[in-house]
Amino acid sequence: MSVAVSNEDAITGANIEVENIYDEIEIDDMDFEEDEQVFYYPCPCGDKFRITLAQLREGNTIATCPSCSLQIRIISDEEFLEDLLAEHGIEL
């Protein structure tokens with residue numbers, strides 16, 4: 001069973017079912033957008049997988065592409081994440 005995911009749901013993590021894992025990606029291979037506090041990774045469809053810092057803090061590890069059905073599992077290195085956030089002045 002598939003769930004339609006809106007762009008907002010894909011960014012916030014709402015209504016996301018783990019169903020179509022494309023790959024497992026290390027967090028340090030993702031780009032971080034400080035203003036939005038979102039990690040991005042290129043999707044084969046041309047868009048980008050997205051996962052927010054808030055989602056990671058809640059223990060979510062699935063990033064979804066808002067343009068297609070693909071998802072990636074994030075392999076998070078706690079030390080890398082702490083260093084990145086400290087570098088950007090973001091409190092955990």
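Hydrogens, waters and symmetry mates are skipped; everything else that's a heavy atom, side chains included, is used. What you are looking at is a predicted structure, and each value in this text was computed from that prediction instead of being measured.
Scanning all heavy atoms of the two residues, the minimum distance from I62 to I51 falls at O-CD1, 3.6 Å. Nearest heavy-atom pair, A63 versus I74, reported as atom, atom and distance to 0.1 Å: CB-CD1, 4.0 Å. A pairwise comparison of heavy atoms in M30 and Y41 identifies CE-CB, 3.9 Å as the closest pair.
Distance check, rounded to the nearest 0.5 Å: CG of D83 to NE2 of H88 gives 11.0 Å. Taking CD from E78 and CG from L56, the interatomic distance works out to 9.0 Å, rounded to the nearest 0.5 Å. One distance of note links CG of L53 with CD of E34; it measures 11.0 Å at 0.5 Å rounding. A distance of 7.0 Å separates SG of C65 from CZ of R50, quoted to the nearest 0.5 Å. Interatomic distance, CD of Q37 versus CD of Q55, reported as 12.0 Å (0.5 Å rounding). One distance of note links OG of S76 with CG of L81; it measures 5.0 Å at 0.5 Å rounding.
For the pair D47 and C68, the minimum side-chain heavy-atom distance is 4.5 Å or more. Taking 4.5 Å as the limit, every side-chain heavy atom of S67 sits out of range of all side-chain heavy atoms of C43.
When hydrophobic clusters are built by joining Ile, Leu, Val, Met, Phe, Trp and Tyr residues whose side-chain heavy atoms come closer than 4.5 Å, directly or via intermediates, F80 is grouped together with I72.
Within 6.0 Å of atom CD in E87, more than 12 heavy atoms from other residues, nucleotides or ligands are found, so the atom counts as buried in its surroundings.
By the 30° and 60° cut-offs, the orientation of the rings of Y22 relative to F49 is parallel.
Each of I27, T52, I25, D31 was compared with F39 under the side chain to side chain contact (heavy atoms under 4.5 Å, CB included) criterion, and only I27 meets it.
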